[in-house]
Amino acid sequence: MKNTHTNKLKAMQFALLITLMALIPKVNFSQALPMSDFVVFGGNGTNGPCTNPSSPGYGVIVGASSTINGGSLGTYTLFKTNASATLNSNIHSGGKVELSNNVTVTGKISAANTTNSTSTILTAGTNTVVGGNIDVKGNIVIGSGTISGQVTRPAGKTYSGPAPAGGHVIGTPTLPTLPSLPAVTSFPSYGNSNVSTTTTINPGSYKSLNLSGGKNITFNGPGVYVFKNISNSGSGNKFIFNFQNSATGTIKIYVHGDVSLGKNNVDFINGGDASRLFLETHGSGSSSSNGTYAFNIANGTISGRNSEWFGTVYAPYAAINFGANTGLSNLSGALWSGTQVNIQCGVAITYVPFNTVTCTTPNANAGTNKVLDCNNSTVVLNGSSSTPNVNFLWAASNGGSISSNGNTATPTVSAVGTYTLTVTTQTGGCTATSSVIVTSNTTSPDVNAGPDIATDCAIPEGSLSGSSTTANAQFAWTTYGNGFIVSGAGSSSPVVNTGGNYVLTVTDPANGCSANDTAFNAFTPCIFPGYPPPDDGKTYDLIGSELNSLYQNFGAVNDTSRSVFFLENDSVYVEVIALQGQYASLLALLQSLGMTDFIDNGPNSLIITGKFPIAYLDSLNQYPALIDYARPVFPPIATVGITTTAGDLALKSDFARNGYNVEGENVKVGVISNSYNTDPLNGALTDVQNGDLPGVGNPDGHLTPVHIVKEFPYGRQTDEGRAMLQIVHDIAPKAELAFRTGFISAGDFAQGIRQLATANCDVIVDDVTFITEPFFEDGVVAQAADEVTAAGVTYFSAAGNYGNKSYSNFFNPTAPPVGVVGQAHDFGGGDIYQRLNLTPGTYTIVLQWQDSIYSLGQTQS
């Protein structure tokens, strides 16, 4: 009984299965159609991160009075037309077909209804003409017209419409398998060059293509052209494709963003046609009018020709809109979209499939890896291919940057990263890739300038002890301040003989990178007279004791520090004071004796300053009728302390600047000091780039450079003027700055004050002292300062902290030392000597008394 019951149950299950199968509509699916059969195809948004299309959604829409000739029309979802469309093609839909009135379809129609909708699957209006068979998995309603083929629908579905000439079959409709959308191309990176005017471009990577009307762009040869986006406008533009008489080469246009052609014409020269042109856009449609069209072309007329495009267009992520606005447009090619193809009114399409010529994959070799280092901020890659007639295109990733020649085998690159070479055959457009890696070696060598050393007048020379563990390290010593390298500047252990800072630069020859370290030589000088004094302590000659000593001891006197004399080869700079009314005669005499390089001391001066041969100094004593006195041009003294202060904080100017919102606008400040930029390493440029001074390259936008009225002309100085200007810039960053040296002579210093005032300086400041300027009267410098302040300039002088570095008293005569003629001063208690405690260094002792100044015209004797 148990077995019998089991057999009956199995029989009942089998009968139920047969009954259910009988209720399922039968469908015959033919072999899958290739995408190349389709002149128009619309996807369903499953191709990736797609933009949802506008109404009526995914599919294909054909506007009124449009004509399509050849190929098949396909969609996974909805195919829809407006009135009076002529479709000389097949229609294959995975969903529904909706035809308006007066639509002609010369080929087949199939609608697979993959969603198993119970609504009408094929709808057609009045005067419908269908030349082929109709296979629909669902209900069919046709208003009126002519059906030349056979209509097939499943059992249980309905048909309403004109009697088909080929018969009406209730059975299994024949539905083709629709193709998958083409694989999405992995684009090379776009380039850096925009294209906006009539020009010819070669295969390669570009940035934006923006033609504004009446422009022609020529694509010069088969290959791949990459753009960021295409956005044309104006009355119309033209694309010209030059195939260079290639028999099979293709042109592929890859666009990372949207394509908006506006009204457009296309010409082919030297061969080629629509079958060899392919455009793929990865745009999302975000820049289009409705936010969904990745490819857009307008209807219209350009010079008697309809707006047009040739070739296959593929937009995997957004819609295609062909024929916007009024007028007509033409396409020879095909349109494929991952979402929607919208063919507007008045569009004529002729099916021309893209020529997928079979080709052999080319050879691609990106070459050897490269290294950027301190010697090479760019490198040239060495790509190659053994395949003839190919195009090269490089793409950078992982931080790479292509500087130039990205569409050649040997591009120049400037950053660490990965560089991928794509080689494309001009015949068939087949590609191959190869990658190369660019790394960086900018490791600085280790450097040690060694311990500081100490030398003195007894042992003036010493050796520094630099070192580096870097293999084959190269050594180079420089100095700043007063340092002097006797020998071995290119070795690890140079010999030096002057106090100062010594900088060791070590360079690694393997990568050209350098590093610095500094050693200091603490030189302790001895206190000796700067020149041999007269035997009796005083001379009454016109040239004074200093120049007399120089004349008598030239060769033994070596004042390299310029503490007393300003020597230049066999000459010395001197100031000769003319007697009243004898200036012109004295000037002529001095010129005849070889005086040159005259320095302007300003108007009404009795002082003549210039470079005079030392060998003729004694001859000046022969002209008491012309000369009142002669003396060296004593070097000036920079009035600076031993501490570098923070001027902005010390003056509390940061509070004033922030509280009153003032930064020195419309003010020009002039600085007088020794020098501005005599540093051979161009320290001024570094200060500008660091924001410490204004000028081109200042990171804070203060771009007006320092106005250099006159730089120190006689070699190296300490550039104290630049340091002063840095403080001014800190306090008033928007003020204009000017510099003028005051380290030539007192008269030249006075002229510098006047020149800064003439240069429109509102404020002038100096830190210079000349020991020959009178202590108790206004000399030429003070008079110049009085002039400019009377004209409205504000003048400041760094008087220095000399309160404990001087002695002042009324002359108290007493007997002089033995052998000295005249009188000595009694410093107190009959002591004719003043006791000074001095550390080693350079000292200049100046004696002045209150009296009128002859050289200023204050007295006649």
Side-chain angles (χ1 to χ4, degrees), residues 481-482 484 498 525 528-533 541-577 586-587 590-591 593-602 605-620 627 629-640 672-676 678 710-721 740-752 766-773 779-781 841-846 855:
N482 295 318
F484 182 78
T498 305
F528 294 122
Y531 60 91
D541 290 344
L542 293 179
I543 63 174
S545 59
E546 297 94 350
L547 294 180
N548 253 313
S549 178
L550 178 63
Y551 172 75
Q552 295 170 7
N553 300 285
F554 183 53
V557 173
N558 182 21
D559 190 9
T560 58
S561 63
R562 294 179 177 175
S563 58
V564 177
F565 302 108
F566 187 175
L567 301 174
E568 189 170 301
N569 298 322
D570 60 352
S571 299
V572 61
Y573 278 84
V574 298
E575 290 182 333
V576 184
I577 302 170
L586 176 58
L587 177 62
L590 294 175
Q591 289 174 324
L593 293 175
M595 192 173 193
T596 60
D597 296 353
F598 291 92
I599 296 170
D600 184 8
N601 289 313
S605 175
L606 294 176
I607 301 175
I608 301 175
T609 305
K611 187 171 67 174
F612 194 83
I614 296 171
Y616 297 137
L617 283 173
D618 185 57
S619 64
L620 296 178
I627 299 174
Y629 188 64
R631 65 192 177 202
V633 175
F634 289 102
I637 300 171
T639 311
V640 297
I672 300 178
S673 187
N674 59 357
S675 61
Y676 174 71
T678 60
K710 187 174 183 179
E711 176 63 282
F712 181 73
Y714 303 119
R716 181 80 179 271
Q717 276 287 344
T718 60
D719 296 344
E720 182 67 24
R740 210 287 191 177
T741 184
F743 252 52
I744 298 176
S745 71
D748 181 77
F749 180 7
Q751 288 294 83
D766 76 70
D767 71 337
V768 181
T769 297
F770 277 92
I771 62 173
T772 53
E773 282 295 276
V780 292
V781 175
T842 299
Y843 299 88
T844 300
I845 299 176
V846 182
S855 62

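Because only heavy atoms are used, hydrogens play no part in the values below, and waters and symmetry mates are left out as well, while side chains stay in.
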If only atom types and distance count, is the side chain of [X] paired as donor or acceptor with the main-chain N or O of [Y] below 3.5 Å?
X	Y	result
Ser619	Tyr616	yes
Glu711	Tyr676	yes
Thr678	Gln717	yes
Glu546	Val564	no

Walk me through it: do Arg631 and Ile607 pass the test side chain to side chain contact (heavy atoms under 4.5 Å, CB included)? CA-CA 10 Å; Arg631 65 192 177 202; Ile607 301 175; 4.0 Å; yes
Which residue is it: Ile744, Asn601, Asp766, Thr769? I am looking for the one with a side chain to side chain contact (heavy atoms under 4.5 Å, CB included) to Phe749.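 With Phe749 as partner, Ile744, Asn601, Asp766, Thr769 yield a single side chain to side chain contact (heavy atoms under 4.5 Å, CB included), made by Asp766.
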Separation between [atom1] of [X] and [atom2] of [Y], rounded to the nearest 0.5 Å:
X	Y	atom1	atom2	value
Phe598	Thr609	CZ	OG1	9.5 Å
Leu620	Asp541	CG	CG	10.5 Å
Asp600	Ile608	CG	CD1	12.0 Å
Lys611	Leu567	NZ	CG	11.5 Å
Ile627	Ile543	CD1	CD1	9.5 Å
Leu586	Ile577	CG	CD1	10.5 Å

Quick one: side-chain hydrogen bond (donor to acceptor under 3.5 Å, both in side chains) partners of Ser675, sequence neighbours excluded?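 side-chain hydrogen bond (donor to acceptor under 3.5 Å, both in side chains) check on Ser675 returns Asp719.
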Could I get the full list of side-chain hydrogen bond (donor to acceptor under 3.5 Å, both in side chains) partners for Lys710, not counting sequence neighbours?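 Lys710 satisfies side-chain hydrogen bond (donor to acceptor under 3.5 Å, both in side chains) with Asp748 only.
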Pick one: which of Phe565, Tyr714, Phe634 meets ring pair (Phe, Tyr, Trp, His ring centres under 6.0 Å) with Tyr573?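 That would be Tyr714; it is the only one of Phe565, Tyr714, Phe634 passing the ring pair (Phe, Tyr, Trp, His ring centres under 6.0 Å) with Tyr573.
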Residue pair Val574, Met595: steps toward the side chain to side chain contact (heavy atoms under 4.5 Å, CB included) verdict: CA-CA 9 Å; Val574 298; Met595 192 173 193; 3.9 Å; yes
Apply side chain to side chain contact (heavy atoms under 4.5 Å, CB included) to residues Phe712 and Asn674 and explain how you reach the verdict. CA-CA 7 Å; Phe712 181 73; Asn674 59 357; 5.9 Å; no
Please enumerate all residues that pass side chain to side chain contact (heavy atoms under 4.5 Å, CB included) together with Phe484, with sequence neighbours excluded.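 Checked Phe484 against side chain to side chain contact (heavy atoms under 4.5 Å, CB included); matches are Val486, Asn497, Thr498.
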